[in-house]
Chemist: 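Can you keep this structure in mind? I'll have questions shortly.
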Amino acid sequence: MFPEFDYSARLDRARHLMVQRNLDVLLLSVGADLPYFSGYEAMPLERLTALVIPRDGTATMVVPRLEAPRVEPRGDAFVTRPWDEDENPIDIAVSLMGTPSSVAVGDPTWSVFLLALQEALPTARFVSATPLTRELRMRKESEEVDWLRAAAVATDRVVARLDEIRFSGRTEQELSRIVAEMTLEEGHDLATFAIVASGPNAASPHHEAGDRVIEMGETVVVDFGGRLRGYCSDTTRTFHTGEPTDEVAGAFATLESAQAAARAAVAPGVAAEHVDRAARAVITDAGYGELFIHRTGHGIGVEVHEHPYIVEGNGLPLEPGMAFSIEPGIYRPGFWGMRIEDIVVCAGDGVDELNRSPRRLHIVG
Ligand code: ZN
Ligand code: ZN
Ligand code: ZN
């Protein structure tokens, strides 16, 4: 499922950071760090899977025997150590670590495994792996950008198809299923979410599609995405059944300007929070500041939400290769909601826009 990247080079870069940060072992279990460094995605099971990466030495994939056939060899990036049902995988992982004084553990590692590791290594200091792994994951290699673009372009094709269908008379759930099917048909390996929020439900940013029937004269927020060869898509377009009221049209014009201002703000050296401010200033100036109730965006890659977060307080300077969403919204509780979401990449000279489907209010029947 994951493409053939240079996983050895990624592990070498991780080891380089381990030296700088005085970390002896990096241990990655379930979650997105594992496929990023190995191309293998573990099922979240009670049987331990862990990539054990000593600072000096070979990385080893400790994996249940029955899962081992799914682990693709990735050059000499790591060796595989399948464990049998009568073995204790914690003992195996610990034996691969020597006597570490510090171990960085992937955030989604089950606590039951972490507790056992801590008991087996009482003198070691355990820290989160994320401050290390995010340094690599948030700076995309050019092939990663290619996969993100392929996924984004596939969602753009879904938007074009949605323009052609009738919304009113369908339930949110029915439309959500249609969006998910189209997401697969347009080339994703997985459709991971399809938010359809109509009428007053549109004021809830992460509304779960329900049995509400879409009527004429409503905004409908469609926020969806999937995974293509392990890389995520995530886009939102706002539809309207029939012609909008002046209030909705006016608010949407503000939203479009805000989203455009945030895209235009993206450049190397610009702080992540500055992109948030660019969108927020437009919405606040138009009097809707109180109705923009979330951050402007999130990083995206092997996970749909990852670093860098486009939020006030994040002074991280953007660098070429950083990929993230720009998704301001305006939500009037009890009445309507609207959001425009694109995935963009910070480029050497500004912004590389991966989503290109029209950002206007999409009028449908
Ligand atoms: Zn969201
Ligand atoms: Zn989204
Ligand atoms: Zn998003």
Side-chain angles (χ1 to χ4, degrees), residues 32 134 137-138 140 144-145 147-149 151-159 162 172 175-176 178-180 182-184 186 188 190-198 201-209 219-228 230-239 252 255-256 258-260 262-263 266 272-273 275-276 278-280 283 292-312 314 318 322-331 337-346 351-359 361-362:
R134 74 175 172 217
R137 281 177 47 189
M138 74 183 170
K140 266 67 183 178
E144 292 185 279
V145 173
W147 289 111
L148 286 170
R149 192 186 316 276
V153 167
T155 59
D156 287 351
R157 290 195 295 266
V158 173
V159 171
L162 290 176
E172 293 176 343
L175 190 56
S176 172
I178 291 170
V179 172
M182 289 179 174
T183 304
L184 292 172
E186 294 303 331
H188 284 74
L190 268 177
T192 40
F193 64 99
I195 295 170
V196 173
S198 65
N201 291 341
S204 167
H206 279 176
H207 172 72
E208 194 184 334
T219 60
V220 184
V221 173
V222 180
D223 181 351
F224 67 101
R227 283 177 29 170
L228 198 160
Y231 282 79
C232 296
S233 60
D234 181 8
T235 191
T236 307
R237 291 295 181 259
T238 301
F239 295 78
F252 197 84
L255 181 62
E256 269 189 291
Q259 208 260 356
R263 278 185 281 118
V266 174
E273 65 185 357
V275 176
D276 181 88
R280 206 164 297 277
I283 291 173
F292 178 17
I293 53 176
H294 54 72
R295 66 190 175 210
T296 291
H298 53 81
I300 189 166
V302 289
E303 248 174 323
V304 67
H305 287 185
E306 59 180 49
H307 293 277
Y309 292 98
I310 308 303
V311 63
E312 183 65 40
N314 186 3
L318 297 177
M322 288 184 177
F324 48 89
S325 72
I326 293 188
E327 51 177 307
I330 305 177
Y331 309 95
M338 49 185 64
R339 179 163 68 256
I340 304 170
E341 175 178 23
D342 290 328
I343 303 304
V344 303
V345 179
C346 180
V351 64
D352 178 4
E353 298 174 351
L354 304 192
N355 287 108
R356 299 291 183 98
S357 67
R359 300 175 179 102
L361 188 61
H362 291 246

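When a ligand or atom number is given, it counts from 1 through the structure's own listing order.
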Chemist: Under a 3.5 Å cutoff, is there a donor and acceptor pairing between the side chains of Asn355 and Thr155?
Modeler: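 Short answer, yes.
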Chemist: Of the options Thr296, Asp234, Val221, which is the one that meets Glu341 in a side-chain contact (heavy atoms from CB on, under 4.5 Å)?
Modeler: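 Passing option: Asp234.
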Chemist: Under a 3.5 Å distance rule, please check whether Glu172 uses its side chain to pair with a backbone N or O of Ser198 as donor and acceptor.
Modeler: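 The answer is yes, because a donor-acceptor pair under 3.5 Å joins these two groups.
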Chemist: Looking only at N, O or S atoms in Asp234, which is nearest to the Zn ion (ligand 3)?
Modeler: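 Asp234's closest N, O or S atom to the Zn ion (ligand 3) is named OD2.
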Chemist: Evaluate salt bridge (charged side-chain N to carboxylate O under 4.0 Å, His left out) for Glu303 paired with Arg137, printing each intermediate quantity in order.
Modeler: CA-CA 10 Å; Glu303 248 174 323; Arg137 281 177 47 189; 2.8 Å; yes
Chemist: Which single N/O/S atom of His298 lies at minimum distance from the Zn ion (ligand 3)?
Modeler: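 Of all N, O or S atoms in His298, the Zn ion (ligand 3) lies closest to NE2.
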Chemist: Give the minimum heavy-atom separation between His207 and Val196, together with the two atoms involved.
Modeler: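 Result for this residue pair: CD2-O, 3.4 Å.
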Chemist: So which of the N, O or S atoms of Glu327 lies nearest the Zn ion (ligand 3)?
Modeler: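 Within Glu327, restricted to N, O or S, the Zn ion (ligand 3) is closest to atom OE2.
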Chemist: Give the atom name of whichever N/O/S atom in Glu341 sits closest to the Zn ion (ligand 2).
Modeler: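 Going through the N, O and S atoms of Glu341 one by one, OE1 ends up nearest to the Zn ion (ligand 2).
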Chemist: Return yes when at least one N/O/S atom of Asp223 is nearer than 2.8 Å to the Zn ion (ligand 2), and no when none is.
Modeler: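 Of the N, O and S atoms in Asp223, at least one lies under 2.8 Å from the Zn ion (ligand 2), which means yes.
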Chemist: Below 2.8 Å, can you find an N, O or S atom of His305 next to the Zn ion (ligand 3)?
Modeler: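 It does not; every qualifying atom lies at 2.8 Å or beyond.
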